[in-house]
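Down below is the structure, laid out as structure tokens.
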2 protein chains.
Amino acid sequence: MNKSVFYHAGCPVCISAEQDILNLIGESNVEVVNFDTDKSRIAEAEELGVKSVPALVTPNGNVLHINFGASMEDVKK
Amino acid sequence: MNKSVFYHAGCPVCISAEQDILNLIGESNVEVVNFDTDKSRIAEAEELGVKSVPALVTPNGNVLHINFGASMEDVKK
């Protein structure tokens with residue numbers, strides 16, 4: 001199975017969700033991308049359909065938006 | 001590890017998310033509750049903090065709201 005990608009922006013709800021996701025799916029199955037420290041990945045995430053963070057993009061390309069923490073527009077600021 | 005519980009309401013986005021969750025976490029680690037066929041579980045979900053479905057309640061009690069499909073008010077109708 002390919003890795004899932006978990007995109008977040010370093011907010012408290014994101015960090016909490018990150019821990020849950022890593023526990024549930026397993027660290028080795030998830031790549032974590034933090035826009036707060038890596039804005040270069042934002043365009044890629046948008047192309048994949050990420051509309052808010054935290055979001056998990058599954059190996060088959062589905063985007064699971066988890067909670068509604070920060071919109072993509074906010075992340076860019 | 002205790003099971004996670006995935007609450008949904010039978011909507012297309014719920015079913016899609018259900019498949020992703022089952023694939024990622026493993027069927028044996030998730031109990032699936034469909035409000036469309038089991039409204040008796042709605043009160044329990046609300047007590048756990050579920051505000052919209054689909055939502056995944058993790059073994060440690062965190063509620064991950066996935067997408068924003070249908071509010072709990074809509075599910076009750």
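Below, chains carry the letters A, B, ... as their sequence lines are ordered, and counting in each starts from 1. What you see below is based on every heavy atom in this structure, not just the backbone, and it leaves out hydrogens, waters and symmetry mates.
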Segment of A:Val63 engaging chain B (4.5 angstrom heavy-atom cut-off): backbone

Pairs of heavy atoms under 4.5 Å with chain B: top-ranked of A:Leu64, A:Asp20, A:Thr58, A:Leu56: A:Asp20

Residues that B:Val5 engages under side chain to side chain contact (heavy atoms under 4.5 Å, CB included), provided they are two or more places apart: B:Tyr7, B:Glu31, B:Val33

Value rounded to 0.5 Å, distance of CG in B:Asn23 from CG in A:Asn62: 9.5 Å

Approximate separation, where rounding is to 0.5 Å, of A:Leu24 CG and B:Asn60 CG: 8.0 Å

Transitive ILVMFWY side-chain link B:Leu48 to B:Ile42, under 4.5 Å: yes

